[in-house]
Amino acid sequence: MPAKIRTREMIRMERAVSTAHFDDVDAISCWTCHRGEITPSVQPASLTAPPRYTTDPFPASRGRAGEVYENLQLFGDLAAAGLKDVMEGYNAALGVVCTHCHVINDWAADQRREKELTRRMVEMEAEIEREYFDGADKVSCWTCHRGGVEPARNLPPGLSPDL
């Protein structure tokens, strides 16, 4: 019964994540990630067009992102050119534009609460992959958010599980 064992592990994960990261035992549910799918989606089938920037926060540069960008607390070892892809992935996953987390024209500023929350969620994602998926890339912002700022926590009204 490997499926039953895995399901129990996922229930433990759900409870641990809710408690450790959201101070709420019911913060997430199976629906948050699975949405009726056996295997949750890690990325959308297609991404929406990236937003237009008033100033280009991604200068053409070689080297590591941590050497090129100020106040970069995550992804410092990433190639500087790859940071744009990461940020556009956040835009698509949460259905937001850059100013959801960043102060326009002062990209390094930490004034917006959403920026710190995003950092915490990225660390949570890495922890989930390490603890429950042997480090495999099985979780992303898209997995829970699916284009919305707030992830779905419960089945939509009128939808019942197929038991």
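Note that this is a predicted model, so its numbers are computed, not measured.
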Trainee: Quick check: are there more than 12 heavy atoms from other residues, nucleotides or ligands sitting under 6.0 Å from NZ of Lys115?
Mentor: yes
Trainee: Has Thr32 got a side-chain atom pairing as donor or acceptor with Cys144's backbone, closer than 3.5 angstrom?
Mentor: no
Trainee: Go through it in stages, so that I can follow the logic: the residues are Ser41 and Arg146, the test is side-chain contact (heavy atoms from CB on, under 4.5 Å), and I'd like the CA-CA distance, side-chain angles, deciding distance and then a yes or no.
Mentor: CA-CA 9 Å; Ser41 176; Arg146 308 278 178 110; 3.9 Å; yes
Trainee: So, the side chain of His102 versus the backbone of Trp107: is there a donor-acceptor pair under 3.5 Å, distance only?
Mentor: yes
Trainee: Can you see which heavy atom on Ile38 is nearest to which on Pro40, and at what distance?
Mentor: O-CD, 3.8 Å
Trainee: Rounded at 0.5 Å granularity, tell me how far SG in Cys30 sits from CD in Glu14.
Mentor: 4.5 Å
Trainee: Are Phe22 and Leu117 connected in the hydrophobic side-chain network, where two residues link if heavy atoms are under 4.5 Å apart?
Mentor: yes
Trainee: Is there a donor-acceptor pair under 3.5 Å between the side chain of Arg112 and the backbone N or O of Thr99?
Mentor: yes
Trainee: Between Glu9 and Arg12, is there a side-chain N and carboxylate O pair less than 4.0 Å apart?
Mentor: no
Trainee: Could you tell me whether the side chain of Ser18 and the main chain of Arg15 form a donor-acceptor pair under 3.5 Å?
Mentor: no
Trainee: Is there a path from Met10 to Val17 through hydrophobic residues (I, L, V, M, F, W, Y) whose side chains come within less than 4.5 Å of each other?
Mentor: yes
Trainee: Which residue pairs satisfy the side-chain hydrogen bond (donor to acceptor under 3.5 Å, both in side chains) criterion with at least one member in residues 126-135, sequence neighbours excluded?
Mentor: His21-Glu127
Trainee: Is it true that Glu123 and Arg120 have a side-chain N and a carboxylate O under 4.0 angstrom from each other?
Mentor: no
Trainee: Report whether Val86 and Val68 are members of the same hydrophobic cluster (ILVMFWY, side-chain heavy atoms less than 4.5 Å apart, transitive linking).
Mentor: yes
Trainee: Apply side-chain contact (heavy atoms from CB on, under 4.5 Å) to Ile104 and Cys98, showing your working.
Mentor: CA-CA 8 Å; Ile104 200 158; Cys98 304; over 6 Å; no
Trainee: Could you walk me through whether Phe133 and Ile128 satisfy the side-chain contact (heavy atoms from CB on, under 4.5 Å) test, starting with their C-alpha distance in whole Å, then the side-chain angles of each, then the deciding distance to 0.1 Å, before giving a yes or no?
Mentor: CA-CA 7 Å; Phe133 298 102; Ile128 290 170; 3.8 Å; yes
Trainee: Among pairs that include at least one residue of residues 62-71, which meet side-chain hydrogen bond (donor to acceptor under 3.5 Å, both in side chains), considering only residues two or more places apart or in two chains?
Mentor: Asn71-Gln73, Asn71-Asp110
Trainee: So if you build clusters from Ile, Leu, Val, Met, Phe, Trp, Tyr with side-chain heavy-atom gaps below 4.5 Å, do Tyr90 and Leu83 land together?
Mentor: yes
Trainee: Can you give each donor-acceptor pair under 3.5 Å made by side-chain atoms of residues 148-157, sequence neighbours left out, with the distance rounded to 0.1 Å?
Mentor:
from	atom 1	to	atom 2	distance (Å)
Glu150	OE1	Arg153	NH1	3.4
Arg153	NE	Ala27	O	2.6

Trainee: Decide whether Met124 and Trp142 are clustered together by the hydrophobic rule: side chain heavy atoms of Ile, Leu, Val, Met, Phe, Trp, Tyr closer than 4.5 Å, transitively.
Mentor: no
